[in-house]
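These notes concern the structure reproduced below.
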Amino acid sequence: MIKNSMKIIDIHTHGICGYDTRTTTVEHILKIAEIHGSYGVSAIIPAIYPASISVMRENMEVIKKAMERQNKKHKMQDARCKIQDVLAPCIRHPKPAKILGVHLEGPFLNPTKCGALDSASFIKPTEYNFKKLIEGFENIVKIITIAPEIKGATTLIKKMSDMGIIASMGHSDATYTEAEAGFNAGAKGITHVFNAMRGFHHRDPGIAGFGLLNKEIYIEVVADPYHLHPKTLDLIFKIKNPERIIIVSDTVKEAKTKKGQTNRLHVITDIYGKLSGGSMTIAESSERLVKMGYDKTAVINCITKNPERYLSASF
């Protein structure tokens, strides 16, 4: 059992149950938080898909409004509970996951490693584009996925880090040396390790190899049945510093729809057959790992202490 004081944090979810972050409706974002909360997740960082800057800003604005509405509602509930506590114990129902901010998965990515993302929306990592993208949203942007090998990326990684935004390397064809340069510039994480990135090669371990061997960098792990082979999971948990592994869901709106209920999990792909998202919440995928024989304490840390430490590391 996870102690009540521990917060289960998912730092990478695009949506669930027919809802996702490509929306102009605040209620859709609140519904994503509510559904994750129903599975025991305490907090989420909704991930925004790469698109035109104007569209990404629209998506951020909706999440910002959802955060404001949540904060207002929580204050009212807390005040109500204090009054009720005088007469009787406060009865608490499962809470929606708290929205902590946004994770921008792009648009400064490598088209050759786009995965299921729209490579037509990828743009150059210039300070002008960066400012145009996040201006006015600096206080809610927590993580930005960026490909470190693209010209200008390391300069932008340093700028993000100086601002307190976590730079996570992903959708990348970076060599080991290029990934190391990104880390030295300030990158603190790697987005869904092994997926949408240069693979491990015996003459160049690549960005995936760097993620496993570097003791300080955090790695996201999608631990559903489809993203990583069981032996790849073994490799990760045997080699990687256990304090730097973060289990993420990477769920999309197709997750948990009728075909994707817990007892009928299905691989989620796009029209070209590429994996387009995770199929499990982090509570479920963590339970799966424990049943597979992984150390329970280590797995719990991957969804509680590790993401909490990661998010606080940049501030």
Side-chain angles (χ1 to χ4, degrees), residues 10-15 20 45 47-50 103-119 122 143-150 166-176 178-179 182 187-201 204-214 217-237 239-240 244-255 265-282 284-286 288-289 302-303 307 310:
D10 188 353
I11 65 168
H12 191 157
T13 172
H14 293 276
D20 74 13
I45 299 183
I48 290 176
Y49 293 97
H103 176 163
L104 303 182
E105 193 171 6
F108 311 117
L109 308 175
N110 191 323
T112 67
K113 296 296 179 182
C114 61
L117 302 180
D118 179 13
S119 62
F122 297 176
I143 305 167
I144 299 178
T145 295
I146 182 170
E149 72 277 14
I150 300 173
I166 295 171
S168 182
M169 300 185 288
H171 287 275
S172 165
D173 194 34
T175 62
Y176 187 100
E178 288 168 334
K188 292 181 174 64
I190 291 180
T191 300
H192 45 52
V193 71
F194 284 108
N195 288 281
M197 63 181 56
R198 177 185 289 243
F200 187 97
H201 190 277
D204 182 0
I207 184 172
F210 178 79
L212 291 184
L213 295 171
N214 183 278
I217 201 156
Y218 289 81
I219 58 170
E220 292 182 4
V221 174
V222 183
D224 69 6
Y226 309 112
H227 278 75
L228 297 168
H229 189 280
K231 292 302 178 184
T232 304
L233 287 169
D234 281 349
L235 182 69
I236 291 170
F237 280 91
I239 294 177
K240 182 62 182 173
R244 295 295 188 266
I245 302 172
I246 299 175
I247 294 172
V248 299
S249 68
D250 197 15
T251 48
V252 292
K253 67 179 182 180
E254 290 83 5
L265 286 172
H266 69 300
V267 59
I268 299 170
T269 60
D270 64 11
I271 58 172
Y272 303 107
K274 293 180 181 177
L275 277 172
S276 61
S279 58
M280 290 177 137
T281 66
I282 56 172
E284 293 171 300
S285 58
S286 297
R288 171 179 180 257
L289 291 179
C302 291
I303 58 173
Y310 180 54

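Computed from heavy atoms alone, side chains included, the values below leave out hydrogens, waters and symmetry copies. The shown structure was predicted, so the numbers you read here are calculated from the model rather than taken from an experiment.
- A pairwise comparison of heavy atoms in Ala174 and Glu178 identifies CA-OE1, 3.3 Å as the closest pair.
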- Begin with the C-alpha distance, continue with both residues' side-chain angles, and end with the deciding distance and a verdict on side-chain contact (heavy atoms from CB on, under 4.5 Å) for Val248 and Asp10. CA-CA 6 Å; Val248 299; Asp10 188 353; 3.9 Å; yes
- Task: Begin from the C-alpha positions of Thr232 and Phe200 and carry the test side-chain contact (heavy atoms from CB on, under 4.5 Å) through to its verdict.
- Result: CA-CA 11 Å; Thr232 304; Phe200 187 97; over 6 Å; no
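- In this structure the side chain of Ile247 reaches within 4.5 angstrom of the side chain of Leu289, judged on heavy atoms.
- Every residue meeting the ring-ring contact (aromatic ring centres under 6.0 Å, His included) condition with Phe210, not counting sequence neighbours, appears here in chain and number order: Tyr176, Phe183.
- Put simply, the side chain of Lys240 gets close to the backbone of Gly211: a donor and an acceptor are under 3.5 Å apart.
- Taking OG of Ser172 as the start and CD1 of Ile150 as the end, the distance is 7.5 Å to the nearest 0.5 Å.
- Residues Ile239 and Leu213 share a closest heavy-atom pair of CG2-CD2, 4.2 Å.
- Expressed to the nearest 0.5 Å, how far CE of Met169 lies from CD1 of Ile207 amounts to 5.0 Å.
- Closest non-hydrogen pair, Ser249 versus Thr281, comes out as CB-CA, 4.2 Å.
- Atom CD of Glu220 is separated from atom CD1 of Ile143 by 6.5 Å, given to the nearest 0.5 angstrom.
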- Item | Check against side-chain contact (heavy atoms from CB on, under 4.5 Å), Phe237 and Ile245 | CA-CA 8 Å; Phe237 280 91; Ile245 302 172; 4.0 Å; yes
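- Under the 4.5 Å side-chain criterion, counting only non-hydrogen atoms from C-beta, Ile11 is not in contact with Tyr218.
- A distance of 12.5 Å separates CD1 of Ile190 from CG of Asn195, quoted to the nearest 0.5 Å.
- In this structure, OG1 on Thr191 lies 11.5 Å from CD1 on Ile219, to the nearest 0.5 angstrom.
- Minimum interatomic distance between Pro50 and Gly106 (heavy atoms only, all atoms of both residues): CB-CA, 4.3 Å.
- A donor-acceptor contact shorter than 3.5 Å is absent between the side chain of His171 and the backbone of Asn110.
- With sequence neighbours excluded, the residues satisfying side-chain hydrogen bond (donor to acceptor under 3.5 Å, both in side chains) with Asp224 are His227, Ser279.
- Scanning both residues, Gly15 and Thr251, for their nearest heavy atoms gives O-OG1, 2.9 Å.
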- Message: For Thr175 and Glu149: C-alpha separation, side-chain torsions, deciding distance, then whether side chain to side chain donor-acceptor pair (under 3.5 Å) applies.
- Response: CA-CA 8 Å; Thr175 62; Glu149 72 277 14; over 6 Å; no
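- Across Thr145, Ile246, Ile146, a single residue satisfies side chain to side chain contact (heavy atoms under 4.5 Å, CB included) together with Ser168, and that is Thr145.
- Among all heavy-atom pairs drawn from Val193 and Leu228, the shortest one is O-CD2, 3.8 Å.
- Between atom CG of residue Asp20 and atom NE2 of residue His14 there is a gap of 9.0 Å, rounded to the nearest 0.5 Å.
- When the ring-ring contact (aromatic ring centres under 6.0 Å, His included) test is applied to His103, the partners found at least two apart in sequence or on another chain are His12.
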